[in-house]
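Okay, structure first, notes after.
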Amino acid sequence: MLKTYDPMKVNVTYNNRQLRMFGESVFTLARDEANLTLKKGVKGDSVYVRNANKAGKLTITLQQESPDIAFLEKCAESFKLANLAITDANDGGSQLFAQNVAVEKLPDRARGKDAADVTIVFLIPDINL
C-alpha cells in the first residue's frame, strides 16, 4: 500500500504560538537516555533495569527569515517555561504535549552564500508518547 506524507499536516506550537517557516526538516524528537538497560552478573545472569528518566530534546530548524526566531530568542533569554505541542495528522495522527519546556540556548547565527537554517533545541522534562 502506498501512502503519502504531507509536511503541511505537521505543526509545532510553543508558548501558544504556532511556529512557521521551517527549514529542511520540521523536527527531531529524542529521549536523553534509553528506556531499558540490561545488567549482567558475573555468572551471566541478567536483569533488565527500567529507566525513569523520560527527559529529552526537540530539535527544530527554521528558515533564517522566520519571525519566530526573535520570539524564541526572547524565550531563551528570559528562561521561559511554556507548553509545547506537536501534532502530526500523517499516518492516522499523533500528538505530543509537554509542560515546562524551555529553549536550551540562543540559536547559532550563520550567514553565507545561501540563507542558512536556524536550529532551535527545546528541553523537555517528560516525553510521554
Report task. Would you sort out whether V49 and L36 count as a side-chain contact (heavy atoms from CB on, under 4.5 Å), showing the intermediate values? Result -> CA-CA 6 Å; V49 179; L36 200 63; over 6 Å; no
Do the rings of F71 and Y14 sit parallel, tilted or perpendicular, given the 30° and 60° boundaries? perpendicular
Quiz prompt | side-chain contact (heavy atoms from CB on, under 4.5 Å) evaluation trace for K105 with V121 | solution = CA-CA 7 Å; K105 68 179 187 77; V121 178; over 6 Å; no
**Same apolar cluster: L72 and L123, side chain cutoff 4.5 Å** = no
- Task: Begin with the C-alpha distance, continue with both residues' side-chain angles, and end with the deciding distance and a verdict on side-chain contact (heavy atoms from CB on, under 4.5 Å) for I60 and T119.
- Result: CA-CA 6 Å; I60 65 169; T119 301; over 6 Å; no
What I want to check is whether the side chains of D88 and N90 have a donor and an acceptor closer together than 3.5 Å. yes
(message) Check this for me: does any side-chain nitrogen of one of R17 and D68 sit under 4.0 Å from a carboxylate oxygen of the other?
(response) yes
Would I127 and L29 count as a side-chain contact (heavy atoms from CB on, under 4.5 Å) here? Give the steps. CA-CA 9 Å; I127 296 176; L29 178 66; 3.7 Å; yes
Worksheet item: Are V26 and M21 linked, directly or through other ILVMFWY residues, by side chains that come within less than 4.5 angstrom of each other?
Response: no
Does E73 pair with R109 as a salt bridge, N-O distance under 4.0 Å? yes
L96 and Y5: same hydrophobic cluster, using ILVMFWY side-chain contacts below 4.5 Å?
-> yes
With a 4.0 Å cut-off on N to O distance, would you call D45 and K40 a salt bridge? no
(message) Please check: side-chain N/O of S78 versus main-chain N/O of K74, any donor-acceptor pairing under 3.5 Å?
(response) yes
